[in-house]
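To start, the structure under review is shown below, and the notes come after it.
Scope of the values below: all heavy atoms of this structure, side chains included, with no hydrogens, waters or symmetry mates.
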Amino acid sequence: MTRVYSARTPKRDSPPKKRVARKPSTPKTNQKTLTQLHFVLDSSVLRTCPLCVLSYTKGAPDDEALHRTHCGRVQRGMEWRKEEEREALKASVNEVATNVKLRDGSKGRIICFPASLAGKIGTKFTHLLETINLALASPPLTESILKSSKAYLFLLPTVSNSHREKIVGCVIAQRISTAMAIAPSEPSISEYNPDSAFSRPQTQSLVAVDATSGLFCHPTPLPTPLGIPRLFVPSAHRRQGIATRLLSAAAATFIHGCPLDPTKGQVAFTQPTEGGCAVMEKWGKGFVRIYEE
């Protein structure tokens with residue numbers, strides 16, 4: 001039996017397949033995908049709050065938390081709770097004025113205690129003083145200053161609960177010995193003589209307290225018993241007369257049995273801010289002095 005073999009012919013309508021060279025596979029790694037960051041030089045991360053005037057770094061959790069706490073205290077003030085009131089009955093806290101009426105008709109009270117007081121009231125006062133120093137861009141008061149000072153707080157009942165009070169003003173009164181008299185910014189017409197060089201103010205011999213606002217002092221130290229190193233009222237409670245009432249209470253009670261008169265040069269301020277200068281001029285009628293803290 002004969003076997004017959006037949007050869008298969010390829011189909012002409014299908015061209016032969018081309019071989020594609022495979023790329024060598026790269027080994028997989030566990031490296032994370034990195035994100036490239038860019039510095040935007042035309043916008044700063046440093047922000048200044050228009051409400052509390054505190055500069056902080058935007059995006060920094062610690063700075064933003066500090067700003068939130070500080071801004072709330074500067075605008076609304078801190079609370080005077082029942083814990084502090086109970087301790088006030090045992091500590092050296094005196095109520096120096098009651099039913100003090102403000103311009104909007106609300107009434108509050110003024111308390112006074114040593115600035116070096118410890119306990120819960122001392123802790124509350126420490127937080128308040130930190131807020132004040134931060135708002136005024138002032139250095140912390142030294143321990144020796146606090147030991148010779150008294151704190152005067154204006155307490156105002158809250159609208160929601162009359163048994164709860166807020167600290168809406170603070171004055172630190174310090175025992176000092178000397179201060180400098182403020183020089184007038186411009187000589188009066190009666191004192192000015194164009195032919196005499198001695199009639200013009202000799203600014204070279206004056207001490208510049210704030211050259212931008214034109215605040216100068218005579219360098220001669222004068223006996224002055226009372227100094228005001230700190231004065232603060234939260235922004236939401238300003239223009240109600242709180243600052244002047246606190247200053248008057250401090251001048252009347254700081255030295256027992258010896259009320260002081262700012263118009264006689266018996267009270268002095270440290271280097272005041274713009275708002276402090278306005279209060280100083282209005283309350284002291286131009287006779288308040290300046291002393292170095």
Next on the checklist: Checking Leu128 against Leu153 for the side-chain contact (heavy atoms from CB on, under 4.5 Å) test, could you report, in this order, the C-alpha distance in whole Å, the side-chain angles of both residues, the deciding distance, and whether it holds?
Outcome noted: CA-CA 10 Å; Leu128 176 63; Leu153 304 182; 3.7 Å; yes

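- Formation of a donor-acceptor pair under 3.5 Å by the Ser106 side chain with backbone atoms of Leu102 is not found in this model.
- Considering all non-hydrogen atoms of both residues, Pro114 and Ser92 come closest at CD-O, 3.3 Å.
- Remark: side-chain polar atoms of Thr224 are paired, donor with acceptor, to backbone N or O of Leu222 under 3.5 angstrom.
- In the hydrophobic clustering, where aliphatic and aromatic side chains (Ile, Leu, Val, Met, Phe, Trp, Tyr) are joined below 4.5 Å either directly or transitively, Phe287 stands alone.
- A distance of 7.0 Å separates CD of Glu85 from CD1 of Ile111, quoted to the nearest 0.5 Å.
- Counting all heavy atoms, side chain and backbone alike, Gln266 lies closest to Asp261 at OE1-N, 2.6 Å.
- At distances below 3.5 Å, not a single donor-acceptor pair connects side-chain atoms of Lys285 with backbone N or O atoms of Pro262.
- Here the CD1 atom belonging to Ile176 is positioned 9.0 Å from the CZ atom belonging to Arg289, to the nearest 0.5 angstrom.
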Checklist entry - For Gln240 and Val233, what are the C-alpha separation, side-chain angles and deciding distance, and is it a side-chain contact (heavy atoms from CB on, under 4.5 Å)? => result CA-CA 10 Å; Gln240 298 296 327; Val233 176; over 6 Å; no

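- The closest donor-acceptor contact from the side chain of Glu87 to the backbone of Lys120 lies under 3.5 Å.
- Counting only distance, with no hydrogens or angles, the side chain of Thr158 and the backbone of Arg164 share a donor-acceptor pair below 3.5 Å.
- The aromatic rings of Phe125 and Phe113 sit perpendicular, their planes meeting at an angle over 60°, well past the 30° parallel limit.
- Closest of all the heavy-atom pairs between Lys107 and Pro157 is O-CD, 3.3 Å.
- In this structure, Phe216 CZ and Ser205 OG are separated by 10.5 Å, a value rounded to the nearest 0.5 Å.
- With hydrogens and angles disregarded, no donor-acceptor distance shorter than 3.5 Å links the side chain of Lys150 to the backbone of Cys112.
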Next on the checklist: Pair Arg245, Lys101 - check side-chain contact (heavy atoms from CB on, under 4.5 Å), show working.
Outcome noted: CA-CA 9 Å; Arg245 284 160 177 78; Lys101 190 175 182 180; 5.8 Å; no

Item to check | Chi angles and distances behind the side-chain contact (heavy atoms from CB on, under 4.5 Å) call for Val96, Phe254 | outcome: CA-CA 10 Å; Val96 297; Phe254 183 76; over 6 Å; no

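- The structure places CD1 of Ile242 at 12.0 Å from CG of Leu247, a figure rounded to the nearest 0.5 Å.
- One distance of note links OG of Ser248 with CH2 of Trp283; it measures 6.0 Å at 0.5 Å rounding.
- Counting only distance, with no hydrogens or angles, the side chain of Gln174 and the backbone of Gly227 share no donor-acceptor pair below 3.5 Å.
- Between Ser149 and Leu141, every side-chain heavy-atom pair lies at or beyond the 4.5 Å cut-off.
- Rounding to the nearest 0.5 Å places CD of Glu293 at 4.5 Å from CD1 of Ile145.
- Under the 4.0 Å criterion applied to side-chain N and carboxylate O atoms, Glu165 and Arg109 are assigned as salt-bridge partners.
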